[in-house]
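First comes the structure, then the notes that go with it.
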There are 2 protein chains.
Amino acid sequence: MPRAKCPKCQITERILKSGIIRDKQRFYCKDCNYHFTLLHEGKKQKSETKKNNRPTSLKDIAEAAGISISTVSRALNNHPDISLETRNNIKQLATSMDYHPNMLAQSLVNRSTHSLGVIIPNLETTFFSSMLGGIQHVAAQSGYRVVICQSDENHMTEVANLQALMNNMIDGLLICHTLYTNTFDHIKMQMNRGIPIVQFYRVSEALDIPKIFSDDENGAFQITEHLINKGCKKIALLLGPKALSINKRLNGYLKALKMHGIKKDETLIKHVDFSYNAVIGAVDDWLNSEPEIDAIFSISDKCAVQIIRHLKSKKINIPQKISVCGFGNEYTGEIVEPQLTTYDVKTRQIGEAAAKLLLEQIIDKKTKNESILIDGEIIIREST
Amino acid sequence: MPRAKCPKCQITERILKSGIIRDKQRFYCKDCNYHFTLLHEGKKQKSETKKNNRPTSLKDIAEAAGISISTVSRALNNHPDISLETRNNIKQLATSMDYHPNMLAQSLVNRSTHSLGVIIPNLETTFFSSMLGGIQHVAAQSGYRVVICQSDENHMTEVANLQALMNNMIDGLLICHTLYTNTFDHIKMQMNRGIPIVQFYRVSEALDIPKIFSDDENGAFQITEHLINKGCKKIALLLGPKALSINKRLNGYLKALKMHGIKKDETLIKHVDFSYNAVIGAVDDWLNSEPEIDAIFSISDKCAVQIIRHLKSKKINIPQKISVCGFGNEYTGEIVEPQLTTYDVKTRQIGEAAAKLLLEQIIDKKTKNESILIDGEIIIREST
DNA sequence: ATATCTATCGCAAACGTTTGTGCAAACACT
DNA sequence: AGTGTTTGCACAAACGTTTGCGATAGATAT
């Protein structure tokens, strides 16, 4: 038997339960025919102060000025229907009442949030954060905000982020896939939602959407050819996780070997995750194996730097004994000694181009399907 | 005279102008008493396809199922008032109709967007991006998104970003001020909006809001004392722009000098912006000046690395001739040779702590006013 | 003076949710 | 059969905007 007391007739009998609302028992007073939930003390105070706590709305201004809401809205938006006098009065009143438009309500009506979503594997690596910088820069120029989600190289996180963002939070999406993303159903599901999507850097030909990417195959080709020209014959290649579907760099490497008549040696190609131990382990394997290697081409500058330091600790001369190349042109490659030969992917440009392409789609409302290739540049330094 | 034709009575006479709507001339047919704006061909088609283009809403589901909107809402939210049968039916119908809730509408009524705003000077520097990483990590754990704005070390941009974010876009704000921010009225104006704000790293005591910061004074003290213990007497200090109000590092430096009985020498303290030329210029000044310096303490690792490379190019031995210290513990300090002695500010921890503190405020709705100090750690390497 | 304009504003419907309350029917128990 | 109880749903008011359409009072032209 509920011991509830009816707020109207103050009677504790003839009260019956009536469902549950927000985890609170709901009651029904048969006497005064009144439904209620059990309120803790001082509930009425809240409803009084509630109004005061809220930011001022158009309604508040309208009431204060004794005019309609629509007039206030139009006045603040400089609609020509409103006379200059009332317009100025309302504007002054608005600032004096500290009015700020509720962008949520605006977005709801206008069907546009003026913000772009970005899904990126990692935002602490300079490689990615410089892309982010490019995106953010271009977006800001057009008055767009940027909502950033980090997938942490985790496919499930990427999917979750995607779902969250696409629910009307953003006007467009920029996505750089996870290393382990090899199925793209999650993207396909979102493609008919009317929200434009642009892939950048790690792209998939399986998707019929615009892409911004670098010619990694060509980059790897150039690096490999450079090593060959330097006289290297046994060029070890350190790749990322095998799951990575987008592995153009291997192709470029093989292409260069083939063109220069060097036969492929499977033992010279290793896949590793990017952990320090895995990288060093792979290098040590190569050092101990029989056909003496004379070059290491790491597909990540970070790993290349680790390799250089490891080789130096082993008193192996770079590049006399072994040449080392990286990929990505991170700042550390310029600092390490010997300075690292690498391939500049122009990450910032990729970010900028991706944001531009997306904004064009959003603003022109045209479903473009461009694919833009950002040319990189080989940077030859001391390590080769 | 307008040549408009009334859509109703198809008469071109007796048409008069009636204000302007959305930059389009509006007309009024005196004949059929009908208002209209000039529509280009095929306007009616749009209103037909309009409905089809939209994502499915609760209303669509309700109509399809022949029940009320509220029932659909409650069913999808597992409200106990709805029978298991209808609940399942509706859920199935919802997924079959590809329903996704409009988060804007939800946010509007719930007064919560589940996203945090971050204003940060720069997101490409690892120093800051690692803070971002910490923030993003903690936020994601609690199911919050992160909206990131880059102020580019520009005070006006910071103000603009703040304004944009605070208009109901976010549930809370994390801000790390610009180097040039010495007035905080823009923050004060937002403080009574009910949206909690947390400062991190670059904080101001002028504001009565929670802060997360590192004990830079102590860090600078430790670095300076370390140099003194190494026998350095003439320790040059390279600081950031003078406008920077938060310059505790100078205090730590001076404190250490005083404690060890070394008198302050104004010529040994220089303020520079962080451009390469300014840094190198300052260093060259010191090298050419009379009292031979025996140490350089740069308040930025990035500059310290540049200094090391510059000194090496001048064949100046580090640390035999001149010791070099940085501040911040960026990765490059570990790569450069000699490896850089620096102070680890624990940037990631700062980001995490800031996000935690903010989320506590948002979730508990309590206006805390904690100030948390994240202890750093001196990292002694080869450059001293 | 009359007819015609025009400038200026209000009304109300949308946008897609959540949620307090009302209410009929089903159920349970004398 | 009569009473008390519960279940399951619908109505409608919010949330804060934008905007198509009406409407009126004064201005202008005839």
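For clarity, every value in this text was computed on a predicted model and none was experimentally measured. Letters go in sequence order (proteins before strands), and every chain restarts at 1.
Among the heavy atoms of the strands lying under 4.0 Å from B/Ser70 is at least one base atom, whether or not backbone atoms are also near.
With sequence neighbours left out, B/Lys188 forms a side chain to side chain donor-acceptor pair (under 3.5 Å) with no residue at all.
Rounded to whole Å, atom P of C/dT17 lies 18 Å from atom NE2 of B/His79. Rounded to an integer number of Å, the gap from B/Glu63 CD to C/dG16 P is 11 Å. Atom CG of B/Asn110 and atom P of D/dG16 are 13 Å apart (whole Å). In this structure, the CZ atom of A/Arg74 is 9 Å from the P atom of D/dT19, given to the nearest Å. The separation between A/Leu58 atom CG and C/dA12 atom P is 18 Å, rounded to whole Å. As rounded to whole Å, 13 Å separates atom C1' of D/dA14 from atom CG of A/Leu108. Regarding B/Gln106, its CD atom lies at a distance of 13 Å from the C1' atom of C/dT19, rounded to whole Å. For the pair A/Leu76 CG and D/dT19 P, the interatomic distance rounds to 13 Å; values are reported in whole Å.
The local environment of CE in A/Met97 is crowded, with over 12 non-hydrogen atoms from other residues, nucleotides or ligands closer than 6.0 Å.
Residue whose closest nucleotide on DNA chain D sits further toward the 5' end, between B/Val109 and B/Ile67: B/Ile67.
Non-hydrogen atoms lying under 4.0 Å from DNA chain C are contributed by nothing in residues 159-168 of chain B. Residues from residues 84-105 of chain B placing a heavy atom under 4.0 Å of any atom in DNA chain D, listed by number, are B/Thr86.
At least one side-chain heavy atom of B/Gln163 sits less than 4.5 Å from a side-chain heavy atom of B/Val159. B/Ile82 is not listed as a side-chain neighbour of B/Asn77, based on a closest heavy-atom distance of 4.5 Å or more. Contact check for B/Val147 versus B/Leu116: no side-chain heavy atoms found under the 4.5 Å cut-off. Within the 4.5 Å cutoff, the side chain of B/Val146 has no heavy atoms near those of the A/Ile148 side chain. A/Val198 has its side chain out of reach of A/Ile209: every pair of non-hydrogen atoms, C-beta onward, lies at least 4.5 Å apart. Residues A/Ile135 and A/Tyr144 are not in side-chain contact: their nearest non-hydrogen atoms beyond the backbone lie 4.5 Å or more apart. Counting heavy atoms from C-beta outward, B/Leu58 and B/Leu76 have side chains that approach closer than 4.5 Å.
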Tabulated below should be each protein N or O lying under 3.5 Å from an N or O of nucleotides 25-28 of chain C; please produce it.
none

Report all side-chain donor-acceptor pairs from residues 166-174 of chain A shorter than 3.5 Å, counting only partners two or more places apart or in another chain.
from: A/Asn167; atom 1: OD1; to: A/Arg193; atom 2: NH2; distance (Å): 3.2
from: A/Asp171; atom 1: OD1; to: A/Thr113; atom 2: N; distance (Å): 2.8
from: A/Asp171; atom 1: OD1; to: A/Thr113; atom 2: OG1; distance (Å): 3.2
from: A/Asp171; atom 1: OD2; to: A/Ser112; atom 2: OG; distance (Å): 2.9
from: A/Asp171; atom 1: OD2; to: A/Thr113; atom 2: N; distance (Å): 3.3
from: A/Asp171; atom 1: OD2; to: A/His114; atom 2: N; distance (Å): 2.9

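If you look at B/His186 and B/His155, their ring centroids are closer than 6.0 Å.
Under 4.0 angstrom from either OP1 or OP2 of D/dA10 there lies at least one side-chain N or O belonging to B/Thr71. Note on A/Ser73: a side-chain N or O is less than 4.0 Å away from OP1 or OP2 of D/dT18. OP1 or OP2 of D/dG16 lies within a sub-4.0 Å distance of a side-chain N or O belonging to B/Arg111. The phosphate of C/dC9 (OP1 or OP2) has a side-chain N or O of A/Ser83 nearer than 4.0 angstrom.
Each side chain to side chain donor-acceptor pair (under 3.5 Å) pair with one or both residues in residues 61-71 of chain B, not counting sequence neighbours, appears once here: B/Ser68-B/Ser70, B/Ser68-B/Thr71.
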